[in-house]
Structure formats: C-alpha cells, structure tokens
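The next block holds one structure in the form of structure tokens; read it before the comments.
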Amino acid sequence: MKHYVLLFCDPGIDDAMAIMLAIMHPQIELVGIVTSYGNVTKNQSTINAEYILKVAGMSHIPVIPAAFRSFSAFEEVSYPEIHGVAGLGSIVPEHHFPGNRLGFDTIRSILTTYNRQLTIIELGRMTALASAFNLYENEFSQVKNVFIMGGAFFIPGNRTPVAEANVYGDSVSARFIFRFLQTTIAPLNVTSQAIITPPLIQRLTSHPTFGSTIQAILSVYIKYYQEKHPQLSGPPIHDIVPLLIMVNPSLATYVSRNIEVITMGEATGMTVIDLRPDSPIGQQKIAWTINQKQLLQDYENAMFGFYAGG
Ligand code: RIB
Ligand code: CA
C-alpha cells in the first residue's frame with residue numbers, strides 16, 4: 001500500500017533523517033514538505049529541506065515555508081550544540097536551491113488533490129498544522145490520518161523537566177490540535193528508543209544516495225549525545241518513528257485517551273492524560289510501547305529499499 005505524505009517539520013537533524021526516510025521508503029510518496037521555525041529558523045529549515053531534496057534529485061517536491069513563530073509567543077532558542085550551526089550538523093547550505101518553493105495555500109491544494117489518501121505527519125512545533133487546520137477545516141475532515149511526534153507521558157521531558165520540545169515550543173497550538181483533531185502520537189516514551197548504534201551508523205554512512213550527507217549531518221549530534229548522554233548506545237532519531245508506525249502500526253502498542261496540554265506556568269508543555277483504571281477511552285491514539293529491534297530493522301530495510309513489511 002502507498003502512503004501519500006505531507007510532512008510538517010523543522011530540519012534539524014532528526015527531521016532531515018526523517019525526510020530521507022520518506023524519500024527512500026518504497027511505501028511512501030512524499031507529496032510536500034511544510035517548513036517552520038523550531039530546531040532552526042523558518043528560513044533555515046526551508047533551505048535545509050531544499051538541500052536534502054536536492055541531494056536526492058527530488059527538487060520537484062513542493063516545499064512550503066510556514067510558521068516563523070509560536071502562538072505561545074515564546075522567543076525561540078536554537079541548539080547549535082545539538083543540531084549544528086545551520087541545523088544539519090557540519091553542513092552549512094549557503095543559499096536556497098532552485099526548487100519548488102510554494103505558498104501556504106498549496107497545503108489546501110494538496111489536501112484537495114490527495115483527499116482521503118493523504119496522511120499528515122508533524123515532526124515539529126504544531127503552529128503551522130494548527131493554522132492550516134483552523135483555515136481548512138473542511139479539507140482536513142477528509143484526511144486519512146495525522147501522525148505527530150510530540151509529548152511525554154509520565155516520563156521526564158527533554159526541554160523542561162516535564163515537557164517534550166515540540167509541545168513546549170508551542171503549547172497553545174498543541175492544545176488546539178489535541179482538542180479538535182484526532183491523531184496518532186509518537187511521544188518521547190517511544191521515540192527515545194529509536195537509537196542508532198555505531199554499526200547501523202556505519203552502514204547508513206555508506207548509503208548510495210545519502211551516505212556522505214548522513215555522515216556530515218550526524219557528526220555534531222553523535223558528539224553531543226556521547227558527551228551529554230554517555231549511557232546511551234547512540235543518539236535517538238525521534239522523528240523517524242511516526243513514519244515507521246504509519247507504515248507498520250504493529251511496531252507499537254497504543255492507549256487511546258484525550259490529552260490536555262498545560263499552557264501556562266512552570267509545567268508549560270506538559271502533556272496530561274487520565275490513565276486511572278476506570279478512565280474513559282479518548283480520541284488520541286498514543287504509541288505506548290515499541291518493538292525497538294523491529295523498528296530499527298524496518299528503518300534500515302526502508303533506507304536500503306528492501307522493505308517488505310506492514
Ligand atoms: O523532542 C524531540 C523533537 O524535538 C524532535 O522533533 C526534534 O527534532 C526536536 O525538535
Ligand atoms: Ca523535529
């Protein structure tokens with residue numbers, strides 16, 4: 001089965017790895033990339049997406065620059081020590097590439113064109129997704145599925161003690177999305193297990209299309225994780241998980257609950273669900289456990305074009 005994917009993202013290293021996965025996966029057709037602030041500025045994330053498409057020889061795919069700031073009105077901070085100075089490790093793309101850069105209303109055309117076949121994947125702050133949903137409510141009602149990387153449930157956050165970075169970065173938009181749109185969520189609980197170990201990294205760096213790009217992209221990220229999280233066997237590539245569970249839902253187990261997002265005070269960005277034994281089933285499907293070994297096998301299979309799963 002083919003999955004037609006409109007990808008919202010903020011590349012950033014793990015977003016860039018997810019774009020490469022979407023390009024390589026035999027069961028995914030990437031129909032557009034919506035780029036926003038997050039790991040880097042909106043302008044830089046747009047250039048970075050165009051850079052990856054150029055490496056792949058896929059510059060015809062629409063790139064849609066979208067949100068430049070959070071509705072939570074935070075001043076964004078960037079993370080050069082994690083993502084590199086331009087968000088792609090040691091790569092600094094100098095300018096934008098002749099490509100297919102289009103306006104925001106292209107999202108509406110894509111929703112209409114692909115209709116019930118379209119899956120939306122959100123890998124960054126949810127500002128652009130919330131804006132599109134607010135503007136194109138009727139078209140969104142036809143979308144097949146929405147997958148999101150975001151949130152942390154009953155575990156520490158990665159941006160604050162209680163908040164995951166994507167939800168923290170625009171808690172207002174996250175709250176809006178979780179209130180009004182049915183989604184499948186890959187929270188930190190499962191994405192932190194998408195760890196690429198040195199042998200897998202070595203194989204990825206000899207990839208026929210993306211090998212040298214992956215090598216340069218991962219250099220800063222690997223060093224950061226070796227220094228800050230030496231207990232891990234490699235860096236987590238959070239943003240590949242929504243794509244992989246979309247294609248192969250059996251990789252994860254799920255709980256279905258409504259999600260509340262804290263939007264003020266110390267706990268801003270915290271995602272809260274009611275998991276008491278008699279609590280009601282809700283509209284958000286949350287990946288709760290993941291088969292780490294199979295996840296990484298599916299990832300490698302897809303990157304090297306011999307995926308045969310789900
Ligand atoms: O919390 C993980 C998320 O934050 C990922 O999407 C990563 O790109 C970072 O922005
Ligand atoms: Ca991201």
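When a ligand or atom number is given, it counts from 1 through the structure's own listing order.
Ranking the protein heavy atoms by distance from atom 6 (O) of ligand 1 puts Asp239 OD1, 2.7 Å first. Closest protein heavy atom to atom 2 (C) of ligand 1: Glu164 OE2, 3.3 Å.
Taking the N/O/S atoms of Asp239 in turn, the shortest distance to the Ca ion (ligand 2) belongs to OD2. Of all N, O or S atoms in Asp10, the one lying closest to the Ca ion (ligand 2) is OD1.
Listed by number with element, the atoms of ligand 1 under 4.0 Å from a non-hydrogen atom of Asn166 are 3 (C), 4 (O), 5 (C), 6 (O), 10 (O). Counting atoms of ligand 1 from 1 in the listed order, those under 4.0 Å from a heavy atom of Asn158 are 1 (O), 2 (C). Taking every non-hydrogen atom of Ala165 and a distance limit under 4.0 Å, the qualifying atoms of ligand 1 come out as 1 (O), 4 (O). Those atoms of ligand 1 that come under 4.0 Å of a heavy atom in Arg125, given as number and element, are 10 (O).
The shortest separation from a heavy atom of Asp10 to ligand 1 is under 4.0 Å, placing the residue in contact. Between Arg159 and ligand 1 there is no heavy-atom distance shorter than 4.0 Å.
Geometrically, Lys285 engages Tyr254 in a cation-pi contact defined by less than 6.0 Å to the ring centre and at most 45° from the axis.
Of the N and O atoms on the side chains of Thr197 and Ser233, not one donor lies less than 3.5 Å from an acceptor on the other residue. Inspection of the Glu139 and Thr112 side chains reveals no N or O donor paired with an N or O acceptor under 3.5 Å. Counted by atom type alone, Ser250 and Asn248 present one or more donor-acceptor pairs between their side chains at under 3.5 Å. A donor-acceptor pair shorter than 3.5 Å cannot be found between the side chains of Ser171 and Thr263. Using modelled atom types, one finds no donor on one side chain facing an acceptor on the other under 3.5 Å when comparing Asn145 with Thr119.
Contacts between Ile13 and ligand 1 below 4.0 angstrom, taking non-hydrogen atoms only, are absent altogether.
The distance from the Ca ion (ligand 2) to the nearest N/O/S atom of Leu123 is under 3.0 Å.
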Exercise for the section: Apply ring pair (Phe, Tyr, Trp, His ring centres under 6.0 Å) to the pair Phe68 and Tyr37, showing each step before the final yes or no. Expected result: CA-CA 5 Å; Phe68 90 113; Tyr37 77 95; 7.9 Å; no

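Expressed to the nearest 0.5 Å, how far CD of Gln292 lies from OG of Ser192 amounts to 9.0 Å. Rounded to the nearest 0.5 angstrom, Thr209 OG1 and Met24 CE are separated by 5.0 Å.
Considering only non-hydrogen atoms, atom 10 (O) of ligand 1 lies nearest to Asn39 out of Asn39, Leu123, Ile237, Leu188. Within the set Val241, Val167, Asp14, the minimum heavy-atom distance to atom 8 (O) of ligand 1 is found for Asp14.
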